[in-house]
Protein chains: 2
Amino acid sequence: MDSPAKTTNAPLRRETLHHSAVAELRAMILEGELPPGRRVPEMELCEQLGVSRTPLREALRVLAAEGLVELRPHRGAVVTPIDPKEIAAIFQVMEALESLAGRLACDNGSAEAFAELDRLHGELVAQFQAGERAAYSTTNRRIHGWIVAMAGNPVLEATYKGFAAQLNRARSLANYDADRWQHSLTEHEAVMDALRRRDAATAAALLADHSRRTADAVLRTLRQGNEAGAVSGEDGRSVSDHPAGIGVRQ
Amino acid sequence: MDSPAKTTNAPLRRETLHHSAVAELRAMILEGELPPGRRVPEMELCEQLGVSRTPLREALRVLAAEGLVELRPHRGAVVTPIDPKEIAAIFQVMEALESLAGRLACDNGSAEAFAELDRLHGELVAQFQAGERAAYSTTNRRIHGWIVAMAGNPVLEATYKGFAAQLNRARSLANYDADRWQHSLTEHEAVMDALRRRDAATAAALLADHSRRTADAVLRTLRQGNEAGAVSGEDGRSVSDHPAGIGVRQ
DNA sequence: CCGTGCCAGATTGTATACAAAATCTCTATT
DNA sequence: AATAGAGATTTTGTATACAATCTGGCACGG
C-alpha cells in the first residue's frame, strides 16, 4: 500500500543529521508547532533538535527551496506566512495537477489500486455519516494523494505533495462549513463514478471542478477568519506582534 | 520587459556567498559546463568558485532540492543524470502547466504583454526563415516563458521555470530534426492565432498539443542518440567512464 | 587464477571559532 | 518628552578543524 504504479528508486540515503533535521523541521511546520510567520532563530532549534548549526542551516536552505520557510539575509529565517494570494495561486496550479492526475490514473491505475481507492472512498462516506470531521479530512487527503500516486508519474507526485503541504497548512487555519462539507462529498461521489468507468476526460474535469470549489471555500473562510480576527487578537496591532505570529498576510 | 502581470515581491536578499554560489552552480549546470552525471567534489568547486565549503554545501543542498544535483550521503554530489523516463514525466506535467498558462494568459495578459508576445513571435518567424537554429531555440524558450509570465501566477511561473531548466538540459543533448522544426513553427502560428483572439480554451488545448509533440520529438531523439551512442563513446564501457560523463540513464 | 579481507588515502559530515551585519538599548541633545 | 545617534549585544555568514565514512589497492588464502 505504498505506491500503486512505480516509485522513484530511492537514492538509499542513510540518515544524516541535516537530512533528519529537514524531516523534523518539516513536520514541525506542517503540524503547526511552528506557526506561519514565526521567527526561527538558529540557536533555538539547534538545542531543540540537538544538532549543530551547520546541519541545521543546511536543512533551512532545503526548506526554503521547498517554500516552507523564508530566508532573509542577516535577519534570520521565518516560517513562510500564509498569503491568501499565494494560496490562491497554488490552488490554480493544483487544479491543473489534480486534473492531470485523474486522467493519468484512469490510464495507468492498476486494478488493485482502484480497489484500494474504492475502499478509501467507502471510509470517507462512513466518516461523513459519522460526522467525524478530522478523520474525514485525513481520508480526503489520502484519497487525493492516492489518485496522484495512481497516475504513475513521480514528478507529478512530488510536485503535488509539495503544494499539498502548503495548502494543508492554510487549511489548518480555515475550517470550512458544513454546507461545503456536504457538497465536497457529492463531488467525490461524482469523481469516483467517472474513475470507476475509467472515463479520463470526465474524471479530469470533475477533479478540476472539485479543486476549484475547494479553493473557493478555503479562500473564503481564510479571508473571513482574517478580517474577523478570529484567530489573531482583536487589537489593531501588526499580526507580527502576536506571540506565535499568526502570519496571514493582508 | 520583466514581468507583464505581477512579480513576486523579492525577499530583498542581498548577495551572500551561498546565494551567489547557487546562481553560479546553476548556470554552470544549465550551460552544460557541468554535464549530467558528472561528479561534483566539494573541494574542486570551492577553489573554482573561491568560496569555502560551508556556503558551497548549502548551495548544493538548494540545487538538490531543485533537482539539478543528487546527493549521495558520504559519496558526494552528482549532476542529476538525464533520465528519459524522468524527462517524459516532466513533459507530462509541463503539458498541464503550459495549458494552464495559455488559459490564464488570455484572461490576465495586458495589451502591452500581448504586443510584446507578437513581437517575439515575429522574431521567431524571421529566425526560422533565416535558418538560425540557435536563435530560434532561444526565442522559442522566451515565448513560452513569456506566456507563462502573462498568466500572472507566480507559483505557476516558478514551477514552470524549474521544469523548463531540466528540459533544456535534456534538449541540449537532443537536437530535433528539420521536419519537427517546421511543424513546431506551424503549431506556434496556431497558438498565436488563438491567443490573439483571447480564446482561452483553444489556446490551452493547442499549447498542450504543442507541448506533447515537442516531448515526443525530444524523447525520440534522446533515445535515438542514446542507443546509437551518438554522444558517448562507441566502446561498450559504462557511460560513467566517459571523461565528462554523458549521464543518460538507460 | 580469482575471491575475500584489511589497510591507506581521500572525501564527506559535523562541530566549533571567528567575522560581519543587524537589532537593541541607553544616553544626550533639541 | 521625543528623537537621533553611538555603542553593546545578539544573530547570522563564513572559515577551518576534527570525526566518520567510503573508495581503491594490496596481500593472503582458496
Side-chain angles (χ1 to χ4, degrees), chain A residues 9-26 29 34 37-65 68-80 237-243 245, chain B residues 10-26 29 34 37-65 68-81 237-243 245:
Chain A
N9 48 344
L12 187 58
R13 48 178 62 176
R14 199 147 68 206
E15 281 295 284
T16 137
L17 278 191
H18 82 263
H19 189 250
S20 56
V22 167
E24 288 200 57
L25 276 177
R26 182 159 39 208
I29 293 174
L34 291 177
R38 159 98 179 226
R39 285 203 57 208
V40 186
E42 295 176 0
M43 287 306 291
E44 184 179 315
L45 285 183
C46 282
E47 47 192 42
Q48 191 165 347
L49 298 185
V51 301
S52 168
R53 279 184 62 211
T54 306
L56 182 84
R57 284 173 57 85
E58 292 177 354
L60 284 177
R61 296 307 184 284
V62 173
L63 293 176
L68 288 180
V69 304
E70 285 180 0
L71 302 177
R72 302 161 310 169
H74 297 286
R75 297 178 55 193
V78 174
V79 178
T80 305
R237 294 187 302 169
S238 163
V239 290
S240 59
D241 287 339
H242 190 282
Chain B
L12 188 58
R13 47 179 62 178
R14 200 147 66 204
E15 282 295 285
T16 84
L17 279 188
H18 82 263
H19 190 248
S20 57
V22 167
E24 288 201 58
L25 276 177
R26 181 160 40 209
I29 294 173
L34 291 178
R38 159 102 179 220
R39 285 205 57 208
V40 187
E42 296 176 358
M43 289 305 291
E44 185 178 313
L45 284 183
C46 282
E47 48 192 41
Q48 192 164 348
L49 298 185
V51 300
S52 169
R53 279 184 63 209
T54 306
L56 182 85
R57 283 173 57 84
E58 292 178 354
L60 284 177
R61 297 305 184 280
V62 172
L63 292 175
L68 289 179
V69 304
E70 284 181 1
L71 302 177
R72 302 161 311 170
H74 297 286
R75 295 177 55 192
V78 174
V79 178
T80 305
R237 293 187 301 170
S238 162
V239 289
S240 59
D241 287 339
H242 190 282

**Report entry** Qualifying residues under side-chain hydrogen bond (donor to acceptor under 3.5 Å, both in side chains), relative to Arg26(B), sequence neighbours excluded
**Finding:** Glu66(B)
Report summary line: So CG of Leu56(B) and CD of Glu44(B): to nearest 0.5 Å the spacing works out to 10.5 Å
Query raised in the report: With Glu42(A), which residues qualify under side-chain hydrogen bond (donor to acceptor under 3.5 Å, both in side chains), at least two apart?
Result: Arg53(A), Arg57(A)
Close N or O pairs between protein and nucleotides 9-15 of chain D (under 3.5 Å):
unit_1, atom_1, unit_2, atom_2, d
dT12(D), OP2, Glu42(A), N, 3.4
dT12(D), O3', His74(A), N, 3.3
dG13(D), OP1, His74(A), N, 3.1
dG13(D), OP2, Arg57(A), NH1, 2.7
dG13(D), OP2, Arg57(A), NH2, 3.4
dG13(D), N7, Arg53(A), NH2, 2.9
dG13(D), O6, Arg53(A), NH1, 3.0
dT14(D), OP1, Leu17(B), N, 2.3
dA15(D), OP2, Ser52(B), N, 2.8
dA15(D), N7, Thr54(B), OG1, 2.8

Query - Which residues share a side-chain contact (heavy atoms from CB on, under 4.5 Å) with Val78(A), sequence neighbours left out - result: Arg39(A), Arg72(A)
Query raised in the report: Can you list the residues that meet the side-chain contact (heavy atoms from CB on, under 4.5 Å) rule with Leu17(A), with sequence neighbours excluded?
Result: Ser20(A), Val51(A), Pro55(A)
